[in-house]
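Each remark here refers to the structure printed beneath this line.
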Amino acid sequence: DSTPGLYKAWEVFSADYGLGDAATIAHATHGKRLYDTLRDICGIQQEEKLLAEIERFEEEVIRGNPNALPGAVELLSKLKSLGADWTIVTSGCNYFTPRALQQCGIPLPEAKIVTSSDVAHGKPHPEPYTTGAAHCRVDPTKCLVVEDAISGLKAGRAAGATTLGVCTSTSRSVLEQSDANPNFIVADLTCVDVRRVEQGLEVIIDGS
């Protein structure tokens with residue numbers, strides 16, 4: 001959860017670029033690549049300046065002390081102990097992501113993490129999740145995408161994966177009324193468990 005730092009970063013950039021309400025922008029752009037957001041909303045077209053502003057923005061987010069959401073560390077630790085194929089697909093860049101994960105105590109997957117720096121098209125395009133599935137050596141249709149952003153859920157569906165919406169940044173009613181159409185919705189990841197079965201992995205969802 002990088003929400004406090006994200007809001008602070010948008011407050012700074014909204015003031016610098018005359019964008020208006022920072023909270024509205026933060027909500028509207030949640031889950032999308034910062035590269036695309038700063039280019040489109042701030043009107044930054046020069047590549048060198050865009051990359052410098054991404055770094056400045058993400059420094060503000062890091063200062064906000066991102067932390068692990070409920071159940072995330074436990075679920076990922078369980079996946080790691082089971083030898084499961086999984087990875088992290090994030091709209092953060094390769095500068096921000098390792099630092100944020102380390103700060104949160106998030107276990108890292110064996111497969112390569114997919115950041116916004118690794119794809120040509122960000123969420124809601126399917127490329128981030130088809131790339132993640134390729135790193136895990138599985139077909140996207142055999143994957144479960146876990147997301148709390150509408151753009152991420154759309155990306156997962158477009159990739160052909162089953163999607164699980166988590167209400168940690170977007171309310172259940174908004175997820176249900178959106179065109180993201182998640183297959184399942186939970187309050188947070190304390191409602192999710194996983195175990196090894198003969199066919200592979202079984203995901204147990206409580207309260208969907």
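All residue numbers in this chain count up from 1 along the given sequence.
- Atom CD of residue Glu47 and atom CZ of residue Arg39 lie 9.5 Å apart, to the nearest 0.5 angstrom.
- Residues Val145 and Gly156 approach most closely at CG2-CA, 4.0 Å, considering heavy atoms.
- Heavy atoms only, all atoms of each residue included: Asp148 and Thr168 are closest at OD2-OG1, 3.2 Å.
- One hydrophobic cluster, built from ILVMFWY side chains closer than 4.5 Å, holds both Tyr17 and Ile25.
- Both Tyr35 and Ile62 sit in one connected hydrophobic cluster of ILVMFWY residues. Membership requires side-chain heavy atoms under 4.5 Å apart, directly or through other members.
- Crowding of His125 atom NE2: a count of heavy atoms from other residues, nucleotides or ligands under 6.0 Å exceeding 12.
- Counting non-hydrogen atoms of neighbouring residues, nucleotides and ligands closer than 6.0 angstrom, the NZ atom of Lys78 exceeds 12 such neighbours.
- The environment of NZ in Lys142 is sparse: at most 12 heavy-atom neighbours from other residues, nucleotides or ligands sit within 6.0 Å.
- Of all heavy-atom pairs spanning Leu75 and Val194, the tightest one is CD1-CG1, 4.1 Å.
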task: Give the intermediate values and the outcome of salt bridge (charged side-chain N to carboxylate O under 4.0 Å, His left out) for residues Glu59 and Arg99.
output: CA-CA 10 Å; Glu59 278 290 350; Arg99 299 171 65 198; 3.1 Å; yes
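- Lys123 contributes no side-chain N or O that, together with a main-chain N or O of Arg33, makes up a donor-acceptor pair within less than 3.5 Å.
- Of all the heavy atoms in Arg56 and Val12, the pair that sits closest is NH1-CG1, 3.8 Å.
- Of the possible donor and acceptor atoms, none in the side chain of Ser14 sits under 3.5 Å from a partner among the backbone N and O of Asp21.
- For Lys154 against Ala180, the heavy-atom pair with the smallest separation is CG-CA, 4.0 Å.
- Taking CD1 from Ile205 and CG from Leu144, the interatomic distance works out to 6.5 Å, rounded to the nearest 0.5 Å.
- Qualifying salt bridge (Lys or Arg N to Asp or Glu O under 4.0 Å) partners for Lys32, counting only residues two or more places apart in sequence or in other chains: none.
- The number of heavy-atom neighbours closer than 6.0 Å to CD of Glu110, taken from other residues, nucleotides and ligands shown, is 12 or below.
- No side-chain donor-acceptor contact under 3.5 Å links Thr162 and Asn183.
- Sorted by first and then second residue, the pairs that involve residues 39-64 and meet ring pair (Phe, Tyr, Trp, His ring centres under 6.0 Å), not counting sequence neighbours, are Trp10-Phe57, Phe13-Phe57.
- Ser169 and His30 share a donor-acceptor pair across their side chains, judged by distance under 3.5 Å alone.
- A pairwise comparison of heavy atoms in Glu58 and Leu34 identifies CG-CD2, 3.6 Å as the closest pair.
- Residues Leu82 and Leu164 fall within the same hydrophobic cluster, defined by Ile, Leu, Val, Met, Phe, Trp and Tyr side chains chained together at heavy-atom separations under 4.5 Å.
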